[in-house]
Amino acid sequence: MAMEAAIANVMEPGETILVGENGIWGSRVCDLSERYGLKVVSMKKPAGETYSLEEIEAAVKQHKPQALFLCQGESSAGTMQQIEGVGKITKANDCFLIVDTVCTLGGVPFKAD
């Protein structure tokens, strides 16, 4: 429900969302975003892999999305995505950052501005 609330309240139909899809939660956000009429650009990786800041920055610059979705703790794959530094990338590119912290909040540092 929280992922849907984030998408429904931040995005408008026709806008572009860049999604880190490296497990079930990223896949669900892709499906959900399509149902809301968004243009979905998936950064697909095999389950168990995460994204480097360089990969994220390159994708944001290439696709110019209105939002980037990352799952900090991808429970289906047992991975933790580095979030530190991503906010600087999205801010510099006028891109809203949406982070799923369900599995990590309270146990892993998460600083938001």
Side-chain angles (χ1 to χ4, degrees):
M1 301 245 328
M3 286 190 299
E4 184 170 2
I7 301 300
N9 287 291
V10 172
M11 305 295 295
E12 293 289 334
E15 289 184 324
T16 300
I17 186 166
L18 180 62
V19 179
E21 187 178 2
N22 59 345
I24 192 170
W25 304 114
S27 297
R28 287 188 179 182
V29 168
C30 287
D31 293 343
L32 173 69
S33 297
E34 287 175 356
R35 288 195 301 270
Y36 273 93
L38 304 180
K39 178 183 173 194
V40 178
V41 177
S42 173
M43 295 190 299
K44 288 190 178 188
K45 276 202 165 199
E49 293 185 18
T50 59
Y51 304 92
S52 69
L53 289 176
E54 293 79 17
E55 290 173 312
I56 293 168
E57 184 172 29
V60 168
K61 286 183 175 182
Q62 178 184 353
H63 299 289
K64 299 177 181 19
Q66 282 71 47
L68 166 65
F69 173 90
L70 292 172
C71 187
Q72 186 179 34
E74 179 54 79
S75 60
S76 70
T79 58
M80 189 179 79
Q81 174 63 48
Q82 175 188 327
I83 297 298
E84 187 174 350
V86 177
K88 288 181 183 178
I89 294 168
T90 55
K91 188 173 185 177
N93 290 278
D94 196 28
C95 175
F96 196 80
L97 176 59
I98 303 169
V99 181
D100 179 345
T101 62
V102 169
C103 292
T104 53
L105 194 62
V108 175
F110 183 81
K111 297 176 184 173
D113 60 359

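Hydrogens, waters and symmetry mates play no part in the numbers below; they use all other heavy atoms, side chains included.
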[atom1] of [X] to [atom2] of [Y]: how many Å apart, nearest 0.5 Å?
| X | Y | atom1 | atom2 | result |
| --- | --- | --- | --- | --- |
| K64 | T16 | NZ | OG1 | 11.0 Å |
| C71 | M3 | SG | CE | 7.5 Å |
| Y51 | I83 | OH | CD1 | 11.5 Å |
| I17 | E15 | CD1 | CD | 9.5 Å |
| I98 | I7 | CD1 | CD1 | 4.0 Å |

**OP:** With sequence neighbours left out, write down each residue that passes side chain to side chain contact (heavy atoms under 4.5 Å, CB included) with K61, or none if nothing qualifies.
**Re:**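 Applying side chain to side chain contact (heavy atoms under 4.5 Å, CB included) to K61 gives E57, N93.
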Subject >> Contacts of S42 that satisfy side chain to side chain contact (heavy atoms under 4.5 Å, CB included) - sequence neighbours left out >> reply: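 Expected list: E21, C30, K44.
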Search all heavy atoms of [X] against all heavy atoms of [Y] and return the closest pair with its distance.
| X | Y | value |
| --- | --- | --- |
| A59 | L18 | CB-CD2, 3.7 Å |
| W25 | F69 | O-CE2, 4.4 Å |
| A67 | M11 | CB-SD, 3.3 Å |
| E34 | V40 | CG-CG2, 3.6 Å |
| E49 | N22 | O-ND2, 2.6 Å |
| I24 | S76 | N-OG, 3.0 Å |

**OP:** Kindly say whether E4 contributes a backbone atom to a donor-acceptor pair with the side chain of Y36 at under 3.5 angstrom?
**Re:**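 No; judged by distance alone, with no hydrogens or angles, the pair does not exist.
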Subject >> K45 side-chain N/O to T50 backbone N/O, donor-acceptor pair under 3.5 Å >> reply: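 Side chain of K45 to backbone of T50, a donor-acceptor pair under 3.5 Å: yes, one is there.
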**OP:** Begin with the C-alpha distance, continue with both residues' side-chain angles, and end with the deciding distance and a verdict on side chain to side chain contact (heavy atoms under 4.5 Å, CB included) for L68 and L70.
**Re:** CA-CA 7 Å; L68 166 65; L70 292 172; 4.1 Å; yes
**OP:** Please say whether more than 12 non-hydrogen atoms of neighbouring residues, nucleotides or ligands are located less than 6.0 Å from CZ in F96.
**Re:**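 It does not: F96 CZ has 12 such atoms or fewer within range.
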Subject >> Enclosure of D94 CG (heavy-atom neighbours >12, cutoff 6.0 Å) >> reply: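 Atom CG in D94 is not packed in, count stays at 12 or less.
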**OP:** May I ask you to test the Q81-I56 pair for a side-chain heavy-atom distance under 4.5 Å?
**Re:**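 The answer is yes, as the side chains (C-beta and beyond) meet within the 4.5 Å cut-off.
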